[in-house]
Amino acid sequence: MDKVYDHKSVEEKIYKEWERKGYFKPEINPKGKPYSIILPPPNANGALHFGHAMFTVEDILIRYHRMKGDSCLWLPGTDHAGIETQFVFEKKLKQIGKSRLDFDQGTLYKMIWEYVEEHRGGIQNQLRKLGFSLDWSREKYTLDPDIIKLVYKTFKKMYDEGLVYRDFRLVNYCTFDGTSFSDLEVVNTEKEGVLYYIKFPIKGGEFITIATTRPETLVGDVAVMVNPNDKRYKGFVGKSAILPLVNREIPIIADEYVDPQFGTGAVKVTPSHDFNDFEVAKKHNLKYPPIIGLDGKIKNTRVIDGLYVKQARVKVLDLLSEKNLLVKEEKHKMVLRTCYKCKNVLEPLSLEQWFVKVNPLTEKAIKAVRDGKIKIIPSNFENIYFQWLENLRDWNISRQIVWGIRIPAWKNKKTGEWIVTEGEKPKGDEWEQDHDTFDTWFSSGQWPFVTLKTTKPGDFEKFYPTSVMETGYDILKAWVSRMIMVGIYITGDVPFRDVLVHGLVNDPYGKKMSKSKGNVVNPLELIEKYGADSVRFALVYGNATGNDQSLSYSKLDAARKFTNKLWNMARFITLCHPELISGSNSSSTEMPKQVRHDTQDLLKMAKNENDKEMVKKTQELVKEVTGYLDKYQFNLAAERLYDFAWHEFADKYIEDVKNRIDEHSFVVLSSLFLVQLKLLHPFMPFVTEEIYQRFKFGESIMIDKWPA
RNA sequence: GGGCUCGUAGCUCAGCUGGUUAGAGCGUUACAUUGACAUUGUAAAGGUCAGAGGUUCGACUCCUCUCGGGCCCACCA
């Protein structure tokens with residue numbers, strides 16, 4: 001054996017062998033208890049990042065359970081990642097001077113499809129580099145025809161049962177990216193704005209002053225509103241104000257919604273472009289004239305038509321100043337809804353969209369966690385989950401992008417009537433399919449059951465509900481809660497038993513990694529340098545479940561040294577070996593047949609007191625590590641193993657046995673080393689396998705038994 | 001405005017349901033070794049566990065408050 005462990009000569013070779021021998025398939029333990037994890041599907045078009053590297057935790061669980069004899073399925077897949085991917089593609093288009101508007105829906109879809117196909121497979125090979133024992137024979141893609149079919153089916157069922165409805169209401173719309181977003185995708189940004197005080201003449205002579213941050217929408221307003229208890233305006237309610245610039249009469253109404261303390265206590269009502277005003281207008285039976293188009297330009301005003309919102313604001317303020325109607329301006333902090341992709345301010349626009357009625361779904365989803373049918377670990381994330389679900393508004397699932405699953409709904413061109421199918425086109429020429437696609441989360445929210453129903457016959461029955469859903473807390477709401485909601489709805493059962501949450505990996509200075517900051521570290525480079533085992537170990541060691549961590553090069557170094565230490569412990573054992581086994585070749589690394597897999601057996605066989613003591617200590621180690629793994633305390637397991645192997649086994653025991661080695665002690669030494677290799681295998685699969693095979697302990701450590 | 005989370009050795013962090021001298025990695029100091037170990041071993045220095053109060057026989061660990069970071073959520077124009 002070489003003096004130094006060389007991961008580069010080992011990892012790829014071993015992974016290929018594992019995969020070739022079919023060890024990743026649940027069929028390797030056909031009679032075992034089912035144990036399953038669905039890999040959160042990475043973006044099909046993306047590259048490996050630390051969020052993916054944290055899936056190491058899943059591999060640890062899978063490898064541990066596989067060794068315990070369970071029938072383990074770890075199911076890989078990729079996501080088409082709708083808006084994300086289209087956004088990337090549009091950037092490419094821009095580079096060649098084109099835009100999405102230059103192509104029709106079908107062509108653009110095809111172009112993106114081809115673009116993604118070119119890059120597909122990249123992420124899968126990167127996951128292989130981490131040693132993940134995923135069953136690649138069952139890999140799924142969110143745009144697989146059989147997956148799409150099931151997604152359609154869900155939509156149809158929801159529609160038939162009244163859980164999906166089409167409605168004309170305000171949505172968060174990005175006029176730059178040309179699509180609406182769900183509430184969850186909106187980024188609220190605090191900005192320093194201006195509050196304008198504007199005088200509206202009242203029919204009959206007086207004035208009323210309103211305060212607003214959006215003067216440009218004034219030309220489309222339908223009312224002025226005050227608080228019914230506001231004495232200042234008692235006499236005004238019921239009269240008509242006259243909209244400046246357009247000279248239209250609008251009523252002055254009263255509603256509790258207005259805060260008398262704010263501004264002047266009087267506001268203008270713009271139902272088509274403000275969420276509150278939309279509700280108020282509904283209540284008071286007011287009209288909703290839209291004055292901002294999908295292109296972000298003003299329309300239907302006859303005064304400022306064709307101007308973009310920002311230009312319109314300047315123009316309106318100028319006009320008001322001329323007429324002396326602009327009373328004053330004051331600085332005002334406000335929270336704006338912005339697009340999470342392009343950072344521009346979103347416009348509330350009234351559009352007809354598909355919505356999911358969330359109420360019946362959230363109730364069951366909340367109950368499942370409250371009743372303990374699903375456990376969220378660490379439990380503090382349960383609060384976040386409850387809080388979100390309890391305040392959830394209906395879910396807008398229509399997206400005006402092409403990259404996604406097109407909604408299977410058709411509109412009758414003559415009657416305006418809608419029909420929803422499971423994907424098939426209705427008969428007749430009068431039906432036109434909705435151009436919108438589903439919110440990506442609508443399809444990925446069905447991932448656990450749509451995958452298992454389309455992999456191999458019997459998979460769903462055997463592996464659903466899955467054992468664990470392991471993911472970053474950043475998508476707890478967007479994804480995990482949706483899977484629970486839709487999963488229960490379709491299957492009648494929860495999609496998984498435990499939700500295990502991991503934290504983010506930040507840069508070495510504790511700052512979130514982001515492309516714009518330029519502080520992104522590529523895990524592949526670290527694997528190349530330190531080896532996959534070290535990267536894996538460093539990610540779990542010294543970090544409590546669910547906590548963020550900063551990338552630590554010293555920890556990576558320590559992990560690399562640890563792999564090397566293990567390697568050299570093995571090397572030392574081989575050096576002890578040849579003198580003891582008569583007639584054996586000095587270069588042999590084969591271990592004696594007497595090596596015990598059962599420590600109880602070993603204890604009986606051991607003669608020396610120190611050997612016996614060490615066997616007992618190892619038994620204790622097995623118990624502890626197993627307990628930690630069962631409780632998802634990976635850091636404690638890793639720390640215990642590290643400490644034991646290095647400071648108990650190497651520093652003390654090996655130093656002791658060195659000088660008194662005989663055949664009996666050699667069996668104890670190599671057997672106890674084997675136990676540690678097994679315990680370490682889920683954490684560091686490659687180095688443990690390499691040593692195991694060199695020692696000819698068996699065919700593969702992956703399929704060997706977990707120490708009892 | 002609401003919620004979550006963190007503040008433990010110089011640095012980065014562990015420390016489960018409260019219980020003998022508070023742990024690790026890196027760093028520092030001294031010695032040893034380079035015939036398992038691109039090193040390793042032995043030993044050492046280093047912490048009022050953010051602060052205050054409370055519960056308890058006993059708190060880093062539970063409760064309250066304060067101070068200071070971080071994150072998430074939020075339709076006050």
Side-chain angles (χ1 to χ4, degrees), chain A residues 1-6 170 172 183-184 186-188 190 193 195-196 210-215 217 221 224-225 257-270 273-280 332-335 337 348 378 380-388 391 393 473-474 476-477 503-504 506 508-512 537-538 540-576 624 627-628 631-636 638-640 642-643 646-647 650-652 654-655 658:
Chain A
M1 289 173 80
D2 292 340
K3 273 180 125 175
V4 180
Y5 172 63
D6 175 23
L170 290 198
N172 310 293
D183 293 335
L184 200 55
V186 173
V187 178
N188 291 297
E190 194 166 285
L195 187 62
Y196 301 94
I210 59 98
T212 182
T213 56
R214 299 209 63 181
T217 57
D221 286 344
V224 168
M225 182 163 65
Y257 159 70
V258 180
D259 174 6
Q261 307 300 319
F262 188 90
T264 61
V267 301
K268 62 191 201 60
V269 181
T270 318
H273 305 289
D274 182 284
F275 286 92
N276 300 306
D277 293 0
F278 185 84
E279 295 303 319
V280 165
H332 173 61
K333 258 195 200 141
M334 56 183 185
V335 178
R337 304 172 147 245
N380 54 283
F381 288 108
E382 287 184 0
N383 291 331
I384 296 174
Y385 173 83
F386 289 137
Q387 200 191 331
W388 188 68
N391 297 310
R393 297 191 295 182
Y473 61 75
D474 49 332
L476 192 67
K477 285 176 271 198
L504 270 39
N506 294 320
Y509 306 99
K511 296 268 177 283
K512 199 168 170 173
F537 199 79
V540 281
Y541 184 93
N543 178 249
T545 304
N547 281 7
D548 290 353
Q549 63 178 313
S550 304
L551 184 66
S552 159
Y553 288 101
S554 65
K555 208 156 80 171
L556 280 162
D557 242 341
R560 187 187 53 75
K561 283 181 183 167
F562 182 51
T563 41
N564 200 48
K565 185 75 183 179
L566 284 175
W567 182 256
N568 274 286
M569 285 158 68
R571 183 157 176 259
F572 175 75
I573 291 172
T574 64
L575 294 178
C576 287
E624 281 183 58
Y628 287 143
K631 283 186 282 183
Y632 301 121
Q633 294 173 321
F634 307 102
N635 57 324
L636 297 182
E639 282 157 36
R640 189 75 183 86
Y642 177 94
D643 186 64
W646 201 315
H647 302 303
D651 288 352
K652 298 208 180 90
I654 289 184
E655 288 304 319
K658 222 177 199 173

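So that the names make sense, note that chain A is the first sequence line, chain B the second, and so on, each numbered from 1.
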Give [X] one of three labels, base, sugar-phosphate or nothing, depending on what nucleic acid heavy atoms sit under 4.0 Å from its own.
X         : result
His647(A) : sugar-phosphate
Arg640(A) : nothing
Arg337(A) : sugar-phosphate
Gly263(A) : nothing
Gln261(A) : nothing
Lys268(A) : nothing
Asp651(A) : sugar-phosphate
Leu636(A) : sugar-phosphate
Lys565(A) : base

Across all strands, who's sitting opposite [N] as a Watson-Crick or G-U wobble pair, both distances under 3.5 Å?
N      : answer
U55(B) : none
A22(B) : none
A77(B) : none
G7(B)  : C67(B)
U17(B) : none
U61(B) : none
U40(B) : A32(B)

Residue pair [X] / [Y], side-chain donor-acceptor N/O under 3.5 Å:
X         : Y         : result
Asn506(A) : Ser550(A) : no
Lys268(A) : Thr217(A) : yes
Tyr473(A) : Asn380(A) : no

Quick check: any donor-acceptor pair below 3.5 Å linking the side-chain of Glu190(A) to the base of A74(B)?
no
Parallel, tilted or perpendicular, judged at 30° and 60°: which one describes the rings of Trp567(A) and Tyr5(A)?
tilted
Using the [atom1] atom as the reference point in each nucleotide, state the distance between [N] and [M] in Å, no decimals.
N      : M      : atom1 : value
A24(B) : G15(B) : P     : 15 Å
C13(B) : C67(B) : P     : 24 Å
U29(B) : G70(B) : P     : 34 Å
G19(B) : U61(B) : C1'   : 11 Å
C26(B) : U66(B) : P     : 41 Å
C11(B) : U17(B) : P     : 27 Å
G1(B)  : C62(B) : P     : 27 Å

When Thr213(A) and Lys3(A) are each assigned the nearest nucleotide of RNA chain B, the 5'-most assignment goes to Lys3(A)
Closest-nucleotide ordering on RNA chain B, the 5'-leading residue of Met569(A) and Tyr257(A):
Met569(A)
Looking at [options], which one has an atom nearest to any side-chain atom of [X]?
X         : options                : result
Thr212(A) : G15(B), A77(B), C72(B) : A77(B)
Lys631(A) : U40(B), C16(B), A74(B) : C16(B)
Asn635(A) : A77(B), G15(B), G41(B) : G15(B)
Gln387(A) : C37(B), A74(B), G3(B)  : G3(B)
Lys512(A) : C13(B), C72(B), A77(B) : C72(B)
Lys477(A) : C73(B), G15(B), A74(B) : C73(B)
Asn543(A) : A36(B), A14(B), C26(B) : A14(B)
Trp646(A) : U40(B), A38(B), G25(B) : U40(B)
Phe262(A) : U12(B), A77(B), A36(B) : A77(B)
Tyr541(A) : A38(B), C73(B), G25(B) : G25(B)

Spacing of [X] atom [atom1] relative to [N] atom [atom2], expressed in whole Å:
X         : N      : atom1 : atom2 : value
Tyr385(A) : C73(B) : OH    : P     : 18 Å
Leu184(A) : C73(B) : CG    : P     : 7 Å
Met225(A) : C76(B) : CE    : C1'   : 11 Å
Phe572(A) : A36(B) : CZ    : P     : 7 Å
Ile654(A) : C37(B) : CD1   : C1'   : 10 Å
Asp277(A) : A77(B) : CG    : P     : 11 Å
Lys561(A) : C37(B) : NZ    : C1'   : 11 Å
Lys652(A) : A36(B) : NZ    : P     : 20 Å

Kindly say whether the aromatic ring centers of Tyr196(A) and His332(A) come within a distance under 6.0 Å.
no
Please tell me whether Phe634(A) and Tyr628(A) form a close aromatic pair, meaning their ring centres lie under 6.0 Å apart.
no
What distance separates Asp183(A) CG from Trp388(A) CH2, expressed to the nearest 0.5 Å?
9.0 Å
For Val267(A) and Val224(A): C-alpha separation, side-chain torsions, deciding distance, then whether side-chain contact (heavy atoms from CB on, under 4.5 Å) applies.
CA-CA 6 Å; Val267(A) 301; Val224(A) 168; over 6 Å; no
Considering all heavy atoms, the nearest Lys652(A)-His647(A) contact
CG-O, 3.4 Å
Compare every heavy atom of Thr270(A) with every heavy atom of Asp277(A), then report the nearest pair and how far apart it is.
OD2-N, 2.7 Å
Below 3.5 Å is the cut-off: list the nitrogen or oxygen pairs between protein and nucleotides 4-11 of chain B, distance only.
none

Checking Lys658(A) against Phe572(A): charged group under 6.0 Å from the ring centre and within 45 degrees of the axis?
yes
Report yes if at least one side-chain N or O of Asn564(A) is closer than 4.0 Å to OP1 or OP2 of A38(B); otherwise report no.
yes
For U39(B), take OP1 and OP2 only and decide whether either is under 4.0 Å from a side-chain N or O of Arg560(A).
yes
Working note: Lys565(A) + Asn568(A), criterion side-chain contact (heavy atoms from CB on, under 4.5 Å); need CA distance, chi angles, decisive distance, verdict.
CA-CA 5 Å; Lys565(A) 185 75 183 179; Asn568(A) 274 286; 5.8 Å; no
